[in-house]
Amino acid sequence: MSNAVKDVGERLMAFLPNLRRFAISLCGSRDVADDLVQSACERALASAERFEPGTRFDAWIFRILRNLWIDQVRRQKTAGVQDDITERHDIAGSSGERETEARLTLKTVAEAITELPDEQREVVLLVCVEELSYREAADVMGIPIGTVMSRLMRARRSLAEAAGITQATGRSQSMKGANE
Amino acid sequence: MTRADFSDEILMRFADGELDTGTAAEVERAMETDDALVARVALFIETRHAAKAAMEPLLDEPVPSELKRAVERMVMEKTSPPSVSGAGILPFPRRAANESHRSRWLAPVAASLAAVVAGFGGYWLRGSVEAPIEGGLGVAAIGSPALDEALATVAAGEERRLPGSDQRFRAIATFRDNAQALCREFELDSDDRSTVVSVACRAGSEWRVTFAVIAPGATGGYAPASSTETLDAYLTAIDAGAPLEAAEEARALSELQGAQR
């Protein structure tokens with residue numbers, strides 16, 4: 001019983017840097033992210049019994065944190081936003097001085113990630129950065145695995161184009177041929 | 001030939017290691033002779049690597065100490081008893097050697113303890129516990145010759161100051177576990193008022209600590225009730241026998257002494 005709490009507590013402490021990174025990329029602000037991480041830890045400790053040993057701890061806590069974030073965004077929206085907490089800036093220490101030349105100048109990958117639509121950015125974070133499987137990412141976000149793939153596909157095309165990672169082939173983005 | 005039949009989705013799954021091995025092998029084979037296919041796969045592999053690399057600096061950022069402390073505190077609060085002066089702490093009366101433990105062993109476990117170490121390896125002895133232990137709690141006596149000596153000689157219900165330390169050793173009970181090993185339940189008080197509630201069992205020629213709870217004790221050296229509840233759960237788990245009567249205990253201890261010589 002208290003062993004579960006102890007176990008989750010230890011994992012949380014060890015995982016703080018990753019958790020914080022995920023939070024920052026979700027909400028785009030370090031201050032908001034730190035509050036979010038704290039709330040997520042609180043929630044995780046309170047429901048430590050529900051973590052099943054043998055399953056991925058990172059997926060579990062990401063899901064908790066993401067759900068809190070979504071609640072928070074919803075609450076802000078319904079409360080009539082005072083200051084826009086979803087406004088993102090300077091995620092990975094980029095300079096932020098990119099304006100009209102955006103089309104001409106290649107962006108850093110970090111900037112390009114920052115500018116992805118929320119739902120694409122988080123799937124990139126979960127799959128490419130945190131190395132969750134499609135299935136695990138789908139569980140964290142509560143969406144079908146096919147949706148994970150289509151978002152991931154779009155996100156990567158945008159990244160490739162924006163940051164000039166490689167020649168985008170311009171091929172069809174159609175998802176047909178999907179055989180799960 | 002299957003070439004050109006690969007959809008972008010298949011290639012992305014290939015890059016992400018999400019394809020079954022059969023299909024992955026097909027893609028690999030096709031890539032050997034198809035540069036365009038290689039380029040398409042490269043898009044997915046490179047974006048994955050680039051994204052990971054781009055987010056790496058965030059991981060290197062030190063976690064703000066405020067956040068770290070807040071979480072640490074939370075973990076502590078969840079795993080340790082409420083403050084000594086707080087309501088709800090009832091000093092557990094000192095137990096006599098021959099008092100029956102059975103009924104108490106079924107008590108529910110309180111989730112609030114400073115540190116719980118239970119296991120048969122006695123690893124806590126070697127100081128590998130990672131739980132935050134405030135002020136060191138003076139558990140140095142664990143594993144010391146003075147403690148070994150006390151475990152082998154102090155009768156249940158008696159208290160002794162361990163030579164060479166400021167710790168008081170209190171033997172609570174002696175019993176046998178489900179493997180018939182001789183075990184002793186005891187408490188160690190330190191000057192900082194922390195109390196270690198512990199069980200040590202005989203393993204070969206040495207005492208091995210199999211359970212320890214560190215809890216801030218009340219003045220007068222009684223462990224808070226919550227720690228004894230956890231102990232009770234542990235004793236139930238190892239199927240501990242009823243405490244030995246004073247005479248039985250004396251006999252068991254003297255047998256130990258005899259075996260030692």
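First the proteins, then the strands, lettered A, B, ... as listed; each starts at 1. Both backbone and side-chain heavy atoms feed into the values below; hydrogens, waters and symmetry mates do not.
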Enquirer: Of the backbone (N, CA, C, O) and the side chain (C-beta and beyond), which part of A:Glu131 lies under 4.5 Å from a heavy atom of chain B, both, or neither?
Expert: both

Enquirer: Contact part of A:Arg156 toward chain B, heavy-atom cut-off under 4.5 Å: side chain, backbone, both or neither?
Expert: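 A:Arg156 touches chain B through backbone and side-chain heavy atoms alike.
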
Enquirer: In terms of relative ring orientation, are A:Phe51 and A:Trp60 parallel, tilted or perpendicular, with 30° and 60° separating the classes?
Expert: tilted

Enquirer: Mind listing the closest non-hydrogen atom pair of B:Ile172 and B:Phe186 along with its distance?
Expert: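 So the minimum-distance heavy-atom pair works out to CG1-CA, 3.9 Å.
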
Enquirer: Is there a side-chain contact between A:Ser25 and B:Met55 (heavy atoms, below 4.5 Å)?
Expert: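 Yes, at least one pair of side-chain atoms sits under 4.5 Å.
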
Enquirer: Picking from A:Leu45, A:Val37, A:Leu159, which has the most non-hydrogen pairs under 4.5 angstrom with chain B?
Expert: A:Leu45

Enquirer: By a 4.5 Å heavy-atom criterion (distance strictly below it), what part of A:Val124 contacts chain B: side chain, backbone, both, or neither?
Expert: side chain

Enquirer: In terms of heavy-atom proximity below 4.5 Å to chain B, should A:Ala46 be classed as side chain, backbone, both, or neither?
Expert: both

Enquirer: Considering only heavy atoms, which portion of A:Leu152 lies under 4.5 Å from any heavy atom of chain B: side chain, backbone, both, or neither?
Expert: both

Enquirer: Side chain from CB out, backbone as N, CA, C, O: work out which of these in B:Glu56 comes under 4.5 Å of a heavy atom of chain A, or both, or neither.
Expert: both

Enquirer: Who are the side-chain hydrogen bond (donor to acceptor under 3.5 Å, both in side chains) partners of B:Asp35, not counting sequence neighbours?
Expert: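 side-chain hydrogen bond (donor to acceptor under 3.5 Å, both in side chains) list for B:Asp35, sorted by chain: empty.
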
Enquirer: Looking only at heavy atoms and a cut-off of under 4.5 Å, which of B:Leu19, B:Val63, B:Leu59, B:Asp20 has the most pairs with chain A?
Expert: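 Highest number of heavy-atom pairs under 4.5 Å: B:Leu59.
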
Enquirer: State, yes or no, whether a side-chain contact exists between B:Phe211 and B:Glu185 at a heavy-atom distance under 4.5 Å.
Expert: no

Enquirer: Can you give me the closest heavy-atom contact between A:Gln120 and A:Arg151, atom names plus distance?
Expert: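 Where A:Gln120 meets A:Arg151 most closely, the heavy atoms are CG-O, 3.8 Å.
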
Enquirer: Side chain, backbone, both or neither: which part of A:Val127 has an atom under 4.5 Å from a heavy atom of chain B?
Expert: both

